[in-house]
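The structure under discussion appears below in the form of structure tokens.
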Amino acid sequence: MGKKVYLDNLPRQETLANYLSQLEQAGVRPLLPERLAVEQALGRTVARAIRAQLANPHYPASAMDGYAVRAETTFGASETKPARLLVGSEAVYVDTGDVIPAGYDAVVMIEQATPRGEYVEINGAAAPWQHIRLVGEDIAAGEVLAWPGDRITPYLAAALLAANVTEVEVRARPRVAVFPTGTELVEPGSKVKPGDILEFNSRLLAGLIEEWDAVAERQPALPDDYELLKARVAEAAANYDLVVINAGSSAGSEDFTARVIAELGTLVSHGVAIKPGKPVILGEVQGKPVIGLPGYPVSAALTCELFVKPVLELLRGGQLPGRATARARLVRKVVSPLGQEEFVRVKLLAQEAELVAVPLGRGAGAISSLVQADGLLVVPRLSEGFEAGTEVEVQLFRPLAEIQEQWWFGGTYWQPFEEKLLELAQQGQKVGYYPTGSQAGFLALSRGEVHGTLWAGEQPPAAFPARLLGKRLMGWAYRESEPGPEPGREESHLLKGAAAVMAGLWPRAWCSQEVAELYQLQFKPVQEEQVWLLVRPEKAFLLDRWEGGT
Ligand SMILES: Nc1nc2c(c(=O)[nH]1)N[C@H]1C(S)=C(S)[C@@H](COP(=O)(O)OP(=O)(O)OC[C@H]3O[C@@H](n4cnc5c(N)ncnc54)[C@H](O)[C@@H]3O)O[C@H]1N2
Ligand code: MOO
């Protein structure tokens with residue numbers, strides 16, 4: 001196949017369908033199932049139907065402690081006219097789980113039986129088969145206990161063992177080699193210098209792949225060396241079911257992945273009409289799928305889900321679970337380029353009786369946005385986005401119950417408030433605090449994007465229930481000697497302003513005394529200000545969670 005210098009730009013579904021069919025043509029087939037002991041198979045997926053080997057119960061068993069009787073011998077019995085049965089020939093004592101002796105067809109609980117010497121008196125009629133667990137009542141021999149595609153849960157494992165099944169055939173877990181690439185990559189925990197990139201994508205990708213019932217083997221990071229990459233990819237294609245290469249997907253001079261695949265096998269496509277994740281590379285080498293994922297972490301995670309997951313489904317021979325969805329009302333307009341399918345991370349909040357979706361930052365480099373997000377909103381390729389107020393469907397990253405429990409705060413950054421939230425979180429309350437400054441926080445509160453916000457300054461706007469939490473000293477933070485008259489910068493998130501001063505980007509930043517201390521910066525106090533908590537009316541109870549102001 002010739003060298004491609006341009007990116008393909010077909011819709012995702014078409015790109016994927018074409019790739020999967022090319023893989024099938026190249027001989028990629030589902031892997032053979034594996035035979036495992038039931039105890040070793042928890043979490044795995046059943047490959048072939050499993051039938052019960054033995055009934056449960058496999059003998060008629062007493063369900064209660066009492067006397068096995070012939071039901072007909074008790075007919076007509078009452079408190080005043082009990083049936084007198086001879087123990088041994090007309091009634092036999094049984095414990096729960098004992099075999100019902102032949103010829104008997106009911107059990108009378110000891111509470112309803114009165115021993116009288118060698119007799120026992122039964123003061124009520126027993127219905128035939130009462131308190132007897134019949135053979136196969138729970139599981140009949142030969143019954144299908146597990147269907148292909150069922151996940152082996154502790155319940156299923158127990159049922160299999162109850163039916164005397166000790167081994168199961170489960171879907172194979174494809175083995176995936178994950179290669180991080182880039183000369184600038186360094187291991188987490190290293191002492192870093194500018195330009196170094198802490199290598200975390202391979203952990204991110206391996207984690208996702210393992211969640212999808214596959215085995216990920218992270219490989220040492222590869223420097224940007226064409227021949228080395230080529231040799232390692234060829235070797236991995238021979239030894240793994242799937243090869244994932246991360247970064248080196250865009251048009252930069254050291255982005256070799258596509259070339260390597262084209263030279264070793266077939267480059268099926270490079271580029272797809274999605275955002276983020278456009279430069280994804282799909283190929284095949286020696287009959288094995290080889291996928292190049294973009295370097296930016298959000299793009300890498302998303303393309304892993306959109307392309308690696310379906311290939312894993314092909315290899316294991318069966319679908320993996322998708323995400324649950326929920327409907328939510330968008331609080332802000334989302335504008336998206338026509339011709340690209342866009343995946344927007346959203347925060348979800350329970351507000352009054354509904355769920356609202358707040359679009360988050362769209363930078364593909366922000367791994368924190370995936371942590372903060374509760375879900376993903378898909379803007380179709382032929383749409384330019386959604387108006388504020390539209391009801392949209394969101395794919396959930398976490399259980400809805402967890403999302404509905406959380407309290408979400410914005411506004412100015414104030415450490416004592418953060419401490420209080422940390423305390424609440426320690427006690428089990430789900431909370432989040434995403435400071436964006438007093439003004440932005442107030443707007444967010446008005447639009448319903450947060451449950452509460454911190455406002456710094458005099459009397460806050462009267463629109464929301466408010467409580468004075470305390471006072472703080474504001475001023476300029478700077479490094480060694482106080483900079484001259486040039487103005488400093490104000491950052492909406494006080495920690496970020498102080499961080500910019502720390503990094504030598506700004507001469508000084510407007511921040512609070514606590515933040516300056518946190519960053520060990522010099523501090524020139526200018527004014528004292530009040531800090532208020534403002535909340536949505538239905539969250540007014542939150543105001544009482546904080547001790548009175550100063
Ligand atoms: N001139 C153009 N530049 C770029 C284009 C383009 O079309 N033309 N596409 C952009 C898009 S879209 C994306 S996405 C990125 C893809 O970049 P690469 O796949 O080539 O990846 P790198 O440049 O090597 O890395 C980018 C960035 O990703 C982070 N990264 C990479 N590897 C790791 C890792 N193992 N662990 C953690 N983080 C990693 C890192 O921040 C890199 O700087 O290209 C755009 N450019
Ligand atoms: O498509 Mo890139 O993946 O924008 O970030």
Side-chain angles (χ1 to χ4, degrees), residues 4-12 15 176-190 192-209 216-226 228-229 232-233 243-261 267 269-283 290-308 335-337 339-345 359-371 373 376 378-379 381:
K4 283 194 179 182
V5 287
Y6 57 90
L7 297 186
D8 299 313
N9 197 29
L10 290 175
R12 169 174 63 95
T15 303
V176 186
V178 179
F179 284 101
T181 69
T183 304
E184 62 286 4
L185 296 178
V186 297
E187 280 300 290
S190 306
V192 291
K193 58 179 191 319
D196 286 347
I197 292 174
L198 288 167
E199 200 292 291
F200 58 80
N201 277 0
S202 73
R203 280 79 173 182
L204 164 67
L205 299 171
L208 292 174
I209 289 166
E217 288 187 23
R218 290 191 302 107
Q219 310 292 314
L222 288 175
D224 298 311
D225 174 334
Y226 184 82
L228 182 62
L229 179 65
R232 296 304 309 279
V233 170
V243 181
V244 171
I245 305 164
N246 183 229
S249 67
S250 67
S253 60
E254 286 168 349
D255 297 335
F256 303 137
T257 311
R259 264 207 290 150
V260 160
I261 295 175
L267 177 62
S269 76
H270 184 186
V272 55
I274 58 172
K275 186 183 167 179
K278 182 175 172 29
V280 70
I281 300 166
L282 306 174
V290 178
I291 300 181
L293 302 176
Y296 281 131
V298 177
S299 312
L302 180 71
T303 48
C304 190
E305 173 155 352
L306 297 180
F307 296 97
V308 173
V335 181
S336 176
Q340 264 185 333
E341 183 182 25
E342 187 170 0
F343 296 81
V344 181
R345 287 141 274 163
L360 296 173
R362 283 145 101 176
I367 184 66
S368 68
S369 67
L370 285 176
V371 179
L376 211 52
V378 184
V379 185
R381 194 173 61 93

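Positions are given from 1 along the sequence. Indexing begins at 1, ligand by ligand and atom by atom, following the structure's order.
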Would you say ligand 2 has an N or O under 3.5 Å from any N or O of [X]?
{"X": "Ser299", "answer": "yes"}
{"X": "Lys275", "answer": "no"}
{"X": "Gly277", "answer": "yes"}

- Query: Counting heavy atoms only, which part of Asn201 comes closer than 4.0 Å to ligand 1: side chain, backbone, both or neither?
  - Reply: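 Both backbone and side chain.
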Which heavy atom of [X] sits nearest a heavy atom of [Y], and at what distance?
{"X": "Val335", "Y": "Glu342", "result": "O-OE1, 4.2 Å"}
{"X": "Leu198", "Y": "Gly189", "result": "CD2-N, 4.4 Å"}
{"X": "Thr257", "Y": "Gly292", "result": "CG2-CA, 4.2 Å"}

- Task: Could you grab the distance from atom CD of Gln340 to atom NZ of Lys278, nearest 0.5 Å is fine?
- Result: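 One finds 6.0 Å between CD of Gln340 and NZ of Lys278.
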- Euclidean distance, Ser269 OG relative to Leu267 CG, rounded to 0.5 Å: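 Taking CG in Leu267 and OG in Ser269, the distance rounds to 7.0 Å.
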Please confirm whether the backbone N or O of [Y] pairs with a side-chain atom of [X], one donor and one acceptor, at under 3.5 Å?
{"X": "Ser299", "Y": "Pro276", "result": "no"}
{"X": "His270", "Y": "Gly283", "result": "no"}
{"X": "Thr303", "Y": "Gly277", "result": "no"}
{"X": "Asn201", "Y": "Gly295", "result": "yes"}
{"X": "Asn246", "Y": "Leu293", "result": "yes"}

Does [X] come within less than 4.0 angstrom of ligand 1, counting non-hydrogen atoms of the residue?
{"X": "Lys278", "value": "no"}
{"X": "Leu204", "value": "no"}
{"X": "Gly182", "value": "no"}

Identity and separation of the nearest protein heavy atom to [atom]:
{"atom": "atom 43 (O) of ligand 1", "result": "Ile197 CD1, 3.5 Å"}
{"atom": "atom 13 (C) of ligand 1", "result": "Tyr296 CD1, 3.8 Å"}
{"atom": "atom 19 (O) of ligand 1", "result": "Ser249 OG, 2.5 Å"}
{"atom": "atom 5 (C) of ligand 1", "result": "Ser250 CB, 3.7 Å"}
{"atom": "atom 11 (C) of ligand 1", "result": "Pro279 CG, 4.0 Å"}
{"atom": "atom 7 (O) of ligand 1", "result": "Leu7 CD1, 4.4 Å"}
{"atom": "atom 35 (N) of ligand 1", "result": "Glu199 OE2, 2.9 Å"}
{"atom": "atom 1 (N) of ligand 1", "result": "Ala251 CB, 4.8 Å"}

- Message: side-chain contact (heavy atoms from CB on, under 4.5 Å) for Phe343 and Arg12? Distances and angles first, verdict last.
- Response: CA-CA 12 Å; Phe343 296 81; Arg12 169 174 63 95; 3.8 Å; yes
Test item: protein heavy atom less than 4.0 Å from [atom]:
{"atom": "atom 17 (O) of ligand 1", "result": "yes"}
{"atom": "atom 23 (O) of ligand 1", "result": "no"}
{"atom": "atom 40 (C) of ligand 1", "result": "yes"}

Could you tell me, atom by atom, which parts of ligand 2 come under 4.0 Å of a heavy atom of [X]?
{"X": "Tyr296", "value": "5 (O)"}
{"X": "Ala364", "value": "5 (O)"}
{"X": "Lys278", "value": "1 (O), 3 (O)"}

Are any of the side-chain heavy atoms of [X] and [Y] separated by less than 4.5 Å?
{"X": "Ser369", "Y": "Val298", "answer": "yes"}
{"X": "Phe256", "Y": "Thr181", "answer": "no"}
{"X": "Leu205", "Y": "Val176", "answer": "no"}

- Message: Quick check on Pro279 - does any of its heavy atoms sit under 4.0 Å from an atom of ligand 2?
- Response: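 Within the 4.0 Å threshold, so yes.
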- Item | The single option from Leu228, Leu229, Leu185 passing side chain to side chain contact (heavy atoms under 4.5 Å, CB included) against Pro223 |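 The residue from Leu228, Leu229, Leu185 that satisfies side chain to side chain contact (heavy atoms under 4.5 Å, CB included) with Pro223 turns out to be Leu228.
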For ligand 1, which atoms, with element, lie under 4.0 Å from some heavy atom of [X]?
{"X": "Leu198", "result": "36 (N), 37 (C)"}
{"X": "Pro294", "result": "14 (S), 19 (O)"}
{"X": "Ser299", "result": "14 (S)"}

- Message: Given Pro180, Gly365, Gly295, identify the one with the heavy atom nearest to atom 28 (O) of ligand 1.
- Response: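 It is Gly295 whose heavy atom sits nearest to atom 28 (O) of ligand 1.
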- Measure from atom 4 (O) of ligand 2 to every heavy atom in Pro276, Pro297, Gly271 and give the option owning the shortest one.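 Nearest option to atom 4 (O) of ligand 2, by heavy atoms: Pro276.
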- Query: Any cation-pi pair here, Arg232 with Phe179, using under 6.0 Å and within 45°?
  - Reply: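 Here Arg232 fails the 6.0 Å and 45° test against Phe179.
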